[in-house]
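This report refers to the structure that appears directly beneath it.
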Amino acid sequence: MDLTSIERDALADVERIGTLSDLEAFQTTYLGRKEGRLTQVLRTLGNLSPEEKKQIGQAANQLRALLEEKIARKKQSLEQSSLLSALESSKLDTSLPGTSLTRGHSHPIAGAIREISHIFRSIGFEAVEGPEIETDFNNFTALNIPQHHPARDLHDTFYLNLASEKGGGSQENPWLLRTHTSPVQIRLMQAVKPPVRIVAPGRVYRHEAVDATHAAVFHQIEGLAIDTDITFADLKGSLKYFAQTFFQSDLQVRFRPGYFPFVEPGAEMDVQCFLCHGAKHLKDGTPCRLCKATGWIELLGAGMVHPNVLRNVGYDPAQVTGFAFGMGIERMVMTRMGIRDIRLFLESDLRFLEQFA
Ligand code: YSA
């Protein structure tokens with residue numbers, strides 16, 4: 001039972017430990033429950049005289065404490081270095097090419113709504129929204145289109161069979177999907193006193209046969225300006241500014257008489273064709289296909305708000321005047337981008353949509 005040689009061997013062995021399994025073997029050699037060299041010494045203590053037992057027991061226990069401490073330290077340092085080498089081998093290589101994420105973008109119609117609203121905001125108009133489910137009164141009657149007026153036939157209307165509620169749902173005033181954004185004019189004028197300067201973009205619905213230029217669900221943007229002395233000159237100036245900002249600054253605009261029951265006088269505004277610049281043919285002499293060789297592109301309907309409309313919302317036509325306008329957004333974007341089929345806007349085909357990123 002030579003504690004000195006056990007200590008000498010153990011202290012030499014501990015230095016040679018390089019792995020966790022070496023450490024385990026070391027522990028078994030010296031402190032193993034059955035065969036451990038020091039364990040055996042401790043086990044024989046009972047056979048010794050009290051004097052020896054005290055002396056050797058003390059030394060053996062000290063050696064055990066020393067070895068346990070060495071084992072604990074070694075274990076900690078081995079675990080640390082194995083963690084470091086694991087981190088080392090899985091280190092992030094920032095020089096490797098990344099996985100690129102495709103970035104989304106607005107739908108071309110949403111983009112155009114934002115752009116048009118922004119142009120009108122820059123000349124003092126505020127953008128507002130109205131509901132897509134409307135009453136017959138707001139969509140037609142208040143806009144000077146009474147029952148049996150022929151203009152109702154131009155709007156193929158989806159009527160809704162909804163329960164009666166305050167403001168709609170009766171036989172005389174059924175709910176419907178708005179056929180244009182003009183009812184927002186009515187809602188706004190009913191809610192606020194003049195002056196009013198708003199644009200109202202949104203979705204509208206018509207029970208139409210769908211083809212390359214007609215959709216059953218499309219977007220319009222409405223405009224309305226009411227004040228004490230608004231004239232047709234204000235209408236012309238505002239809409240010319242818009243057209244020259246949205247298309248090209250050097251293009252002319254023209255106004256032709258147009259009929260809408262809610263304005264008097266009513267007009268349609270055309271912008272000079274931006275492909276042939278009004279020449280009706282291209283440089284190579286072929287007829288311009290964009291304006292169908294007319295030199296002009298139809299853009300929007302407009303006019304001075306009809307006195308009946310002002311009365312219907314409680315305004316006094318002797319006190320205030322105003323102008324209104326409305327345009328189809330899909331057709332404007334189609335014209336500007338040379339898109340031939342309106343259905344592309346609704347089909348979610350990424351090959352089409354990604355061109356607007
Ligand atoms: C006119 C005068 C005002 O003072 C105010 C507004 C208006 C516009 C009126 N409310 C209106 O809806 N006129 S409209 O029936 O001629 O439609 C306006 C625009 O919507 C058209 O010029 C066209 O660009 C678009 N549009 C109409 N039906 C469409 C359509 N776009 C796609 N598909 C359809 N089925």
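Numbering of ligands and ligand atoms starts at 1, following listing order. Values reported hereafter were calculated over all heavy atoms of this structure, with side chains retained and with hydrogens, waters and symmetry mates removed.
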query: Could you give the distance from OG (Ser117) to CD (Glu126), rounded to the nearest 0.5 Å?
result: 11.0 Å
- request: Name all residues meeting the side chain to side chain donor-acceptor pair (under 3.5 Å) criterion together with Asp270; count only those two or more places apart in sequence or in a different chain, and write none if there are none.
  value: Arg254, Arg256
field: Residue pairs passing the ring pair (Phe, Tyr, Trp, His ring centres under 6.0 Å) test where at least one lies in residues 95-136, sequence neighbours excluded
entry: Phe120-Phe125, Phe120-Phe242, Phe120-Phe325
Could you list each nitrogen or oxygen of ligand 1 that sits under 3.5 Å from a protein nitrogen or oxygen, with the atom names and the distance?
| from | atom 1 | to | atom 2 | distance (Å) |
| --- | --- | --- | --- | --- |
| ligand 1 | 4 (O) | Ala324 | O | 3.2 |
| ligand 1 | 10 (N) | His180 | ND1 | 2.9 |
| ligand 1 | 10 (N) | Ser182 | OG | 3.0 |
| ligand 1 | 12 (O) | Arg206 | NH2 | 3.0 |
| ligand 1 | 12 (O) | Gln220 | NE2 | 3.1 |
| ligand 1 | 15 (O) | Arg206 | NH1 | 3.0 |
| ligand 1 | 15 (O) | Arg206 | NH2 | 3.1 |
| ligand 1 | 17 (O) | Gln220 | NE2 | 3.3 |
| ligand 1 | 20 (O) | Gln220 | NE2 | 3.2 |
| ligand 1 | 33 (N) | Ala215 | N | 3.0 |
| ligand 1 | 35 (N) | Glu208 | OE2 | 2.9 |
| ligand 1 | 35 (N) | Ala215 | O | 2.9 |

field: Side-chain hydrophobic cluster, 4.5 Å single linkage: members besides Leu224
entry: Val128, Phe140, Leu143, Ile145, Tyr159, Leu176, Val184, Ile186, Leu188, Met189, Val192, Val196, Ile198, Ile226, Phe260, Phe262, Val263, Val305, Val309, Leu310, Val313, Tyr315, Val320
field: Test: Arg73 and Glu69 ion pair at under 4.0 Å
entry: yes
message: Membership question, hydrophobic clusters at under 4.5 Å side-chain separation (ILVMFWY): are Val210 and Leu344 in the same one?
response: no
